[in-house]
Structure formats: structure tokens, C-alpha cells
Amino acid sequence: MTRNHIFFPVAMTVAGSDSGGGAGMQADLRTFSSLGVFGTSVVTALTAQNPLEVRAIFPVEPSFVTAQLDAVFAKFAVCSLKTGMLLNSAIIRAVSAFLSGKKDLPIIVDPVMLASSGGALLKKNAVLDMKDKLFPLADWITPNIMEAELILETKIKNFDDALSAAELICEKWNCGCVLKGGHLEYIRGRKSDIVVFDNRKYLISAPSIDIEGAA
């Protein structure tokens, strides 16, 4: 195979644009690139934000979200897709309707509801649509602790609660779950993510980074 014929798998992020570059589709595309994956993108919302605050959010019209999906899938063999910030029910319904016709496409749903700085990134009345329309399409669901509390309508106070929440998400939506533990207490001196899949459980730990101190 010559250099001009190198094949790169194609992934898609359906997410909001983070003007600070620390999250959203910018972070997804960097991750894709670092793993040797060609990244495509569908913008669902524009944000004015930095690592410490979300100042403004401007949603994209659902019809234009669908137009972006149509355009990319028309010419790219998308191998997998990740959703991020979808913001409202209309966008969730548009994305879900499109993805319902992609039966063999691996789908990862990051149910972005709250920014790390505390700003709301999903309308309260849209949580039910996400649970009813998008979650059933997911192969993986990847909430943080606060998002899992909203999804399951319960409080997560410790590691055992978090593990039970991850297991319940897997059971309810027949998927794998990565429960991000950045807002949980330290475990063995480190922040830890809980992964539950196919009746197996994993703990992924790494040192945390003080974003505010580095800003």
C-alpha cells in the first residue's frame, strides 16, 4: 500500500462547539486524530465559553443538523459516531430520527447536560427525550456523576452508588457504560472512571489535573 492509499477509519462527532477548545467537538476531533482516525463533525450548538464558565449558547436549527448528517454520510463511510452536547428536544429528535436508520453503526452517547463549570448544556425538558429516543440506540453511554444522577433520578454519594448506577444504565438500555468519576471522591489517591460492559467491571484511574490552577 502506497502513502497515497493509506486508509483512515472515519468517525463522527455530533456535538457543540467549545470556543475554549477544552471540550465539545474540538476535543473529540483532537482525540480522533491522535488515534489515527479521520474526524467528521456535525455542529449542534455554538458556545461562548472557557474552562471556567459558559457565557452564551446558540443552538443550530434541527433541520440544519440533519443536513450536516446527510451531507457527511452521503460521501463518507462513517465507522462510528459519538454524540455530545445536543442542547434541546428538537435536536435530540432530529439526531435520533437519522440514527434510527443506521442499524449497524456503533453509537456512543455522551449525555452532556452540565459543564464542568456548572453551566446547563441540556434543557431540563429534554432529558426524557434523550432517555426515550437516543439511549435505546446507544452501544455505550458515558455520563459523569451529576448526569447519571439526573438520568436515574437518584443521588450518587460514594463509589458503591456509582457502580450501581453504571450497572443500572447498562441494564436499562442494553449497552456498555463509562461512568466518569471526576466528581467522585478519590479512590486509591486518584480520580477513577467506572466501566461496566457485558457483566464485566473495570476501574480506570489517572492523576487529576488542576485546570483552574493552570489557567
Side-chain angles (χ1 to χ4, degrees), residues 11 13-16 18 22-24 27-28 30-32 34-35 37 51 54 80-87 92 95-96 99 105-213:
T13 173
V14 181
D18 177 355
D28 289 342
R30 284 199 304 272
T31 302
F32 294 166
S34 71
L35 296 172
V37 174
V54 178
S80 61
L81 179 147
K82 173 188 179 291
T83 67
M85 176 187 174
L86 300 180
L87 188 61
I92 290 170
V95 172
S96 300
L99 295 181
L105 179 69
I107 297 171
I108 298 91
V109 175
D110 184 359
V112 176
M113 299 177 180
L114 298 166
S116 296
S117 60
L121 301 179
L122 181 70
K123 303 295 184 182
K124 288 183 179 180
N125 60 3
V127 175
L128 185 59
D129 276 320
M130 179 169 283
K131 291 163 64 173
D132 287 350
K133 299 184 181 300
L134 192 58
F135 283 5
L137 304 175
D139 294 278
W140 287 86
I141 298 174
T142 64
N144 61 31
I145 295 295
M146 295 180 291
E147 290 158 352
E149 289 180 332
L150 288 172
I151 291 165
L152 298 174
E153 299 179 15
T154 189
K155 279 293 182 182
I156 298 173
K157 300 177 181 178
N158 52 48
F159 176 78
D160 288 338
D161 289 347
L163 179 58
S164 295
E167 291 175 320
L168 184 55
I169 287 170
C170 291
E171 179 184 337
K172 284 176 69 71
W173 288 286
N174 191 30
C175 63
C177 179
V178 180
L179 184 55
K180 294 171 284 188
H183 300 91
L184 198 61
E185 79 266 17
Y186 281 83
I187 300 170
R188 299 172 190 165
R190 295 184 173 195
K191 293 291 186 180
S192 299
D193 296 337
I194 295 168
V195 180
V196 179
F197 176 69
D198 195 22
N199 294 319
R200 288 173 286 180
K201 306 167 190 177
Y202 304 90
L203 194 64
I204 302 175
S205 300
S208 61
I209 298 173
D210 182 3
I211 295 176
E212 186 170 359

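Side chains included, hydrogens not; waters and symmetry mates left out as well; all remaining heavy atoms used. Throughout, numbering of the chain's residues begins at 1 and tracks the sequence.
Counting only heavy atoms from C-beta outward, the side chains of M130 and I151 never approach each other to under 4.5 Å. Under the 4.5 Å side-chain criterion, counting only non-hydrogen atoms from C-beta, L179 is in contact with I145. Side-chain atoms of E167 and K201, non-hydrogen and from C-beta on, do get closer than 4.5 Å to each other. Under the 4.5 Å side-chain criterion, counting only non-hydrogen atoms from C-beta, F135 is not in contact with C175. Looking at heavy atoms from C-beta onward, L203 lies in side-chain contact with I194 at the 4.5 angstrom threshold. The side-chain heavy atoms of K172 and L152, taken from C-beta on, include a pair separated by under 4.5 Å.
To the nearest 0.5 angstrom, D132 atom CG is 10.0 Å from S96 atom OG. Separation of atoms CD1 (I141) and CD (E147) is listed at 11.5 Å; rounding is to 0.5 Å. Distance check: T142 OG1 to I108 CD1 gives 8.5 Å after rounding to the nearest 0.5 Å. We find the CD1-NZ distance between I204 and K180 to be 12.5 Å, quoted to the nearest 0.5 Å. The SG atom of C170 sits 7.0 Å away from the CH2 atom of W140 when rounded to the nearest 0.5 Å.
Taking every heavy atom of both residues into account, L134 and L86 meet most closely at CD2-CD1, 3.5 Å. Nearest heavy-atom pair across C177 and P143 is SG-CD, 4.1 Å. Closest approach of L81 to V14, counting heavy atoms only: CD1-CG2, 3.9 Å. When all heavy atoms of V109 and P111 are compared, the closest pair comes out as O-CD, 3.3 Å. Annotation for P136 and W173: closest pair N-CD1, 3.9 Å, computed over non-hydrogen atoms. The heavy-atom pair separating I156 from E149 by the smallest distance is N-OE2, 2.8 Å.
Under a 3.5 Å cut-off, the side chain of D18 and the backbone N or O of A23 do form a donor-acceptor pair. Using modelled atom types, one side-chain atom of N158 and one backbone atom of D160 make a donor-acceptor pair closer than 3.5 Å.
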* Do L163 and V196 pass the side-chain contact (heavy atoms from CB on, under 4.5 Å) test, and can you show the C-alpha distance, the side-chain angles, and the key distance before you say yes or no? -> CA-CA 8 Å; L163 179 58; V196 179; 4.1 Å; yes
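Ionic pairing of D161 and K155 is not present here: no N-O contact between side-chain nitrogen and carboxylate oxygen is shorter than 4.0 angstrom.
Residues meeting the side-chain contact (heavy atoms from CB on, under 4.5 Å) test with A15, sequence neighbours left out: T13, M25, D28.
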